[in-house]
Engineer: 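Dropping a structure here in structure tokens format, bear with me for questions.
Excluded from the calculations below are hydrogen atoms, water molecules and symmetry mates; all remaining heavy atoms, backbone and side chain alike, are included. Quick note on labels: first sequence line is chain A, next is B, and so on, each numbered from 1.
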Amino acid sequence: MPAITLPDRTVRRYDAPVTGTEVAASIGPGLARAALAMKVDGALVDLATPIDRDAEVVFVTRRDPEALTLIRHDAAHVLAEAVQALYPGTQVTIGPAIDNGFYYDFARNEPFTPEDFAAIEAKMREIVARGAAFRRQVVPRDEAAALFAAKGERFKVELIRDLPDGEEISLYSQGEWVDLCRGPHMRTTADVGTAFKLMKTAGAYWRGDHRNPMLSRIYGTAWRDQKELDAYLHMLEEAERRDHRRIGREMDLFHLEEAAVGSVFWHPKGWRLYRTAESYMRRRLDAAGYQEVRTPQLVDRGLWEASGHWEKFREHMFVAQVEDEKRTLALKPMNCPCHVLIFRQGLRSYRELPLRMAEFGSCHRYEPSGALHGIMRVRAFTQDDAHIFCTEAQIADETVRFAELLASVYRDFGFTDFRVKFSDRPVVRAGDDATWDRAEGALKAACATAGITYELNPGEGAFYGPKLEFVLRDAIGRDWQCGTLQVDFVLPERLDAEYVGEDGARHRPVMLHRAILGSFERFLGILIEQYAGRFPLWLAPVQAVVATIVSDADTYAQEVAAALRAAGLAVETDLSNQKINAKIREHSLAHVPVMLVVGRREAEQRTVAIRRLGGEAQSVMPLDEAVAALAAEARPPDLR
RNA sequence: GCUGCUGUAGCUCAGUGGUAGAGCACUCCCUUGGUAAGGGAGAGGUCGUGAGUUCAAUCCUCACCAGCAGCACCA
């Protein structure tokens with residue numbers, strides 16, 4: 001007879017199997033009303049699930065974190081029912097809860113458009129109001145398949161057919177409407193509540209495979225209550241204001257245009273930001289024992305054939321042909337083969353290893369048009385690339401050093417939490433299993449030593465070796481891979497890199513491909529969104545503006561600007577005949593971190609009134625003092 | 001690349017089968033004002049590109065290009 005342990009450690013005993021609903025009711029009417037689902041020994045299940053053995057039970061109410069997933073998943077079912085009621089003949093496929101909401105993929109000849117949302121939402125509200133109970137039913141595989149086949153739901157039939165043997169097949173009904181679903185669900189459709197909204201439509205391939213038919217996906221968001229929904233919608237609006245494409249225009253950092261699709265036109269201010277980041281990285285790499293090189297943009301096809309790129313990545317390469325020459329050249333999509341060519345010059349000794357070869361390498365890749373995104377996904381970009389030639393025994397140590405360098409760089413740029421993915425051996429790969437065991441083992445050990453916690457990204461490694469991906473998030477929560485570390489046993493072999501070992505014999509080095517920022521374009525895009533254009537002083541493209549109150553102060557203002565410039569700051573003057581209010585407003589909107597306001601008083605006393613972006617207070621101080629203080633503050637973090 | 005949507009002034013956007021409009025920005029004039037918009041005037045557009053329908057196309061149709069969202073891709 002089940003003894004049920006509740007979170008407060010009290011134990012309730014029942015003389016027969018009981019459902020969560022009954023347990024909740026036996027505890028109290030308040031809980032009976034509030035409980036949406038429960039966790040039995042940690043597993044989230046329906047409230048109606050019978051408990052026939054001793055178990056720890058935790059009830060999930062609307063306040064619990066799990067509730068959001070339940071609400072969203074249930075909302076997806078409500079959406080599917082609404083769509084099938086309104087658009088007969090539409091087939092259902094899958095509809096999970098996701099971050100911030102849910103989606104459902106439908107098969108229909110005519111795709112859905114946002115114009116359909118009003119009708120669908122209205123129908124959804126009806127279904128919620130009706131409050132039909134979710135009922136779970138376990139059925140034999142054949143019966144389930146027959147049921148959906150009879151309805152003409154061929155995608156569901158395919159799902160059922162592909163479920164692994166022994167997997168329980170459950171159906172959930174809400175009134176008349178039935179879906180194949182693992183669950184769990186809440187009690188009734190009414191538990192979804194009213195704080196949901198359909199957001200957008202999109203095409204999505206069946207089972208995520210581009211060879212399959214494209215389905216029509218409807219995205220929605222759902223929350224516990226209207227307040228949460230409003231807050232989310234407001235957050236989205238705010239995020240839109242942080243969009244790097246918008247800030248890039250507003251702050252005059254860069255532009256993109258048809259004349260060079262997928263390439264960035266950096267404007268003076270944007271390029272200053274770029275150079276600040278580049279100079280910083282160069283100092284960090286110098287200090288970390290890297291040697292910087294520069295290799296050609298256009299390289300003969302022969303090298304790409306030897307490296308394997310011609311076979312595997314040709315469709316992503318820009319190829320250049322010259323009229324009166326037989327050679328075919330290609331713009332490099334990666335720097336590594338060129339670095340091997342430098343490594344191969346002369347006879348290398350084991351004493352030179354690890355040899356860390358860095359390049360701010362400009363690469364071109366022909367990315368699919370649909371992949372382009374502002375400056376974060378482009379066709380021409382510059383990586384903070386480096387290849388470490390080392391022995392297998394040195395992999396772990398180099399990984400630790402790299403991880404420390406990366407974390408320190410990210411910290412300096414203001415990124416304190418980033419995610420790490422560990423991508424292990426893919427199905428199609430080079431190298432034997434023993435080599436992979438060693439490579440993955442070395443990388444894992446190195447992660448442990450470096451204190452890196454990662455999520456496993458199974459089967460996503462490069463064909464030549466496992467890799468770590470360092471992922472940053474943009475303003476609206478999209479993930480972007482920036483840093484990476486890849487272990488490569490293949491390229492040194494293909495391009496015949498070797499060194500003379502301690503034993504006098506020739507050996508293959510291992511190559512570690514690594515980047516910290518990834519590409520300047522992507523990283524700066526994320527950086528812009530991270531700060532919403534309000535950069536810390538050392539990164540700001542315009543660090544200070546000297547603004548006059550009256551034109552009598554013009555000469556002094558120019559003197560102030562000259563002094564700041566001499567101290568290495570990026571300064572502009574504003575001698576226009578606007579009121580100081582207008583000047584403050586203008587430069588505040590331009591996110592200039594420091595404004596130095598000068599009038600007759602300051603000119604006479606040789607002081608400046610400093611006003612910080614967004615601040616109310618101003619501090620008046622002697623010019624020399626101000627220059628020294630700002631110069632110190634503007635120093636890059638690695639030089640402090 | 002796929003699906004859907006979008007493309008009008010530098011920016012944000014309105015609009016019409018009879019070759020276009022607002023706000024902000026810009027230029028000039030007046031204003032010299034102490035910490036987030038002082039006032040006035042002016043200039044500015046082959047209505048993404050190319051075909052087609054029409055007496056007439058920025059508007060309708062088709063194709064292409066580019067952008068946006070998602071999917072797929074991301075060496």
Engineer: Walk me through it: do A:Met199 and A:Leu236 pass the test side chain to side chain contact (heavy atoms under 4.5 Å, CB included)?
Structural biologist: CA-CA 11 Å; A:Met199 301 296 282; A:Leu236 284 185; 3.6 Å; yes
Engineer: Indicate whether any N or O donor in one side chain lies under 3.5 Å from an N or O acceptor in the other, for A:Arg514 and A:Tyr290.
Structural biologist: yes
Engineer: Any sub-3.5 Å donor-acceptor pair from A:Arg242's side-chain atoms to A:Glu529's backbone N or O?
Structural biologist: yes
Engineer: Would you say B:rA75 has OP1 or OP2 under 4.0 Å from some side-chain N or O of A:Lys467?
Structural biologist: yes
Engineer: Distance check, C1' atoms only: B:rG21 and B:rC47, in whole angstrom units.
Structural biologist: 12 Å
Engineer: A:Met199 has an atom CE; how far is it from atom C1' of B:rC68, in whole Å?
Structural biologist: 15 Å
Engineer: Which value, in whole Å, describes the distance between the C1' atoms of nucleotides B:rU58 and B:rG70?
Structural biologist: 30 Å
Engineer: What integer number of Å spans the C1' atoms of B:rC28 and B:rG44?
Structural biologist: 14 Å
Engineer: Taking any heavy-atom pair under 4.0 Å as a contact, classify A:Ala371: base, sugar-phosphate, or nothing.
Structural biologist: base
Engineer: Is there a donor N/O on one and an acceptor N/O on the other, under 3.5 Å, for the side chain of A:Glu602 and the base of B:rG34?
Structural biologist: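 Side chain to base: pair found, below 3.5 Å.
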Engineer: When you compare B:rG15 with B:rC59, how far apart are their P atoms, in angstrom units rounded to a whole number?
Structural biologist: 16 Å
Engineer: Run through A:Tyr454, A:Tyr410, A:Phe523 and flag the one making a ring pair (Phe, Tyr, Trp, His ring centres under 6.0 Å) with A:Phe418.
Structural biologist: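 The single option meeting the ring pair (Phe, Tyr, Trp, His ring centres under 6.0 Å) with A:Phe418 is A:Tyr410.
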Engineer: If the cut-off is 4.0 Å, is A:Arg478 near the phosphate of B:rG70, judged by side-chain N/O to OP1 or OP2?
Structural biologist: yes
Engineer: Scan A:Gln486 against the nucleic acid and name what it touches under 4.0 Å (heavy atoms): base, sugar-phosphate only, or nothing.
Structural biologist: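 A:Gln486: backbone/sugar contact only, no base atoms under 4.0 Å.
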Engineer: Measure from the side-chain heavy atoms of A:Pro333 and tell me the nearest of B:rA75, B:rC71, B:rA72.
Structural biologist: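 Closest of the options to the side chain of A:Pro333: B:rA75.
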Engineer: I would like to know whether A:Phe489 and A:Val510 meet side chain to side chain contact (heavy atoms under 4.5 Å, CB included); could you show each step before the answer?
Structural biologist: CA-CA 5 Å; A:Phe489 292 100; A:Val510 175; 3.6 Å; yes
Engineer: Which base, if any, makes a Watson-Crick or G-U wobble pair with B:rA14, both distances under 3.5 Å?
Structural biologist: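 Base-paired to nothing in any strand shown.
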Engineer: I'd like to know if A:Ser216 reaches the base of B:rU3 with its side chain, counting only an N/O donor and acceptor under 3.5 Å.
Structural biologist: no
Engineer: Tell me the interatomic distance from A:Ile375, atom CD1, to B:rG67, atom C1', rounded to whole angstroms.
Structural biologist: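 Distance, rounded to whole Å: 16 Å.
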Engineer: Mind checking who B:rG52 pairs with, Watson-Crick or G-U wobble, both distances under 3.5 Å?
Structural biologist: B:rC60
Engineer: Looking at A:Arg600, does any N or O in its side chain come under 4.0 Å of the phosphate oxygens OP1/OP2 on B:rG34?
Structural biologist: no
Engineer: Can you spot which of A:Thr484, A:Leu406, A:Leu485 makes a side chain to side chain contact (heavy atoms under 4.5 Å, CB included) with A:Ile516?
Structural biologist: A:Leu406
Engineer: Given that A:Arg522 and A:Gly370 both sit by RNA chain B, which one's nearest nucleotide is further toward the 5' end?
Structural biologist: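 Looking at the nearest nucleotide for each, A:Gly370 comes out on the 5' side.
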Engineer: So what does A:Tyr219 touch, heavy atoms closer than 4.0 Å: a base, only the sugar-phosphate, or nothing?
Structural biologist: sugar-phosphate
Engineer: Using atom P in both nucleotides, what's the gap between B:rC24 and B:rG18 to the nearest angstrom?
Structural biologist: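 That atom pair is separated by 29 Å.
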Engineer: How long is the line joining NZ of A:Lys579 and C1' of B:rU35, in whole Å?
Structural biologist: 12 Å
Engineer: Between A:Leu472 and A:Trp480, is a side chain to side chain contact (heavy atoms under 4.5 Å, CB included) present by the stated rule, with each step listed?
Structural biologist: CA-CA 5 Å; A:Leu472 294 174; A:Trp480 295 90; 5.5 Å; no
Engineer: Under a 3.5 Å cutoff, is there a donor and acceptor pairing between the side chains of A:Gln558 and A:Thr573?
Structural biologist: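 No donor-acceptor contact under 3.5 Å links the two side chains.
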Engineer: Quick one: is A:Arg611 getting a side-chain N or O under 4.0 Å of the B:rA36 phosphate, OP1 or OP2?
Structural biologist: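 Yes.
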Engineer: Is it the case that B:rC73 (base atoms only) and A:Arg377 (side chain only) share a donor and an acceptor within less than 3.5 Å, ignoring hydrogens and angles?
Structural biologist: yes
Engineer: What I want to check is whether an N or O donor and acceptor connect the side chain of A:Tyr205 with the base of B:rG1 at under 3.5 Å.
Structural biologist: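 Checked by distance alone, the answer is yes.
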Engineer: Output the single nucleotide from B:rU32, B:rA75, B:rG70 whose closest atom is nearest the side chain of A:Ala202.
Structural biologist: B:rG70
Engineer: If you check every side-chain atom of A:Ile476, which of B:rA75, B:rA37, B:rG70 has the closest atom?
Structural biologist: B:rG70
Engineer: Could you give the distance separating B:rC5 and B:rU27 at their P atoms, to the nearest angstrom?
Structural biologist: 41 Å
Engineer: Measure from OH on A:Tyr104 to P on B:rG70 and round the result to the nearest Å.
Structural biologist: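 In whole Å, B:rG70 P and A:Tyr104 OH are 22 Å from each other.
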Engineer: Describe the nucleic acid contact of A:His373 in one word from base, sugar-phosphate, nothing, applying a heavy-atom distance below 4.0 Å.
Structural biologist: sugar-phosphate
Engineer: Checking base pairs now: Watson-Crick or wobble, both atom distances under 3.5 Å. What partners B:rG70?
Structural biologist: B:rC2
Engineer: Give none if B:rG33 has no partner; otherwise give the nucleotide forming a Watson-Crick or G-U wobble pair with it, both distances under 3.5 Å.
Structural biologist: none
Engineer: Under 3.5 Å between N/O atoms: give me all the protein pairs with nucleotides 58-66 of chain B, atom names plus distance.
Structural biologist:
from, atom 1, to, atom 2, distance (Å)
B:rC65, O2', A:Glu258, OE1, 2.9
B:rA66, O4', A:Glu258, OE2, 3.4

Engineer: Rounded to whole angstrom units, what separation is found between the CG atom of A:Asp209 and the C1' atom of B:rG1?
Structural biologist: 14 Å
Engineer: Taking only the side-chain heavy atoms of A:Gln481 (C-beta and beyond), determine which of B:rA75, B:rC11, B:rG4 contains the nearest atom.
Structural biologist: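 Selected nucleotide: B:rA75.
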Engineer: Looking for any heavy atom pair under 4.0 Å, which part of the strands does A:Ile549 touch: base, sugar-phosphate only, or nothing?
Structural biologist: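 Base contact.
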Engineer: With both distances under 3.5 Å as the test, what is the Watson-Crick or G-U wobble partner of B:rC28?
Structural biologist: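 Result: B:rG40.
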Engineer: Can you confirm whether A:Glu455 is buried at CD, in the sense that more than 12 heavy atoms of other residues, nucleotides or ligands lie under 6.0 Å from that atom?
Structural biologist: yes
Engineer: Taking the same atom, C1', in B:rU12 and in B:rU3, what whole-Å distance lies between them?
Structural biologist: 28 Å
Engineer: With a 4.5 Å limit on heavy-atom distance, are the side chains of A:Met511 and A:Glu493 in contact?
Structural biologist: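 No, too far: nothing below the 4.5 Å cut-off.
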Engineer: What integer number of Å spans the P atoms of B:rG40 and B:rA25?
Structural biologist: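 B:rG40 and B:rA25 have their P atoms separated by 13 Å.
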Engineer: Ignoring backbone atoms, test whether A:His587 places a side-chain nitrogen or oxygen under 4.0 Å from the OP1 or OP2 oxygen of B:rU35.
Structural biologist: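 For B:rU35, OP1/OP2 do not have a side-chain N/O of A:His587 under 4.0 Å.
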Engineer: Between A:Leu613 and A:Arg245, which residue's closest nucleotide on RNA chain B lies nearer the 5′ terminus?
Structural biologist: A:Leu613
Engineer: When you get a sec, tell me which of B:rG4, B:rG34, B:rA36 is the closest nucleotide to the side chain of A:Ile584?
Structural biologist: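 Output: B:rA36.
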Engineer: So, does A:Glu521 use its side chain to make a donor-acceptor pair with the main chain of A:Thr382 at under 3.5 Å?
Structural biologist: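 Such a contact is found between A:Glu521 side chain and A:Thr382 backbone.
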Engineer: For A:Ala609, report the nucleic acid contact type (base, sugar-phosphate, nothing); a contact means any heavy atom under 4.0 Å.
Structural biologist: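 The residue A:Ala609 makes base contact.
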Engineer: Taking only the side-chain heavy atoms of A:Ala582 (C-beta and beyond), determine which of B:rA37, B:rG4, B:rC71 contains the nearest atom.
Structural biologist: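 Closest nucleotide to the A:Ala582 side chain: B:rA37.
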Engineer: Given B:rA75, B:rG38, B:rG70, identify the nucleotide with an atom nearest to the side chain of A:Lys200.
Structural biologist: B:rG70
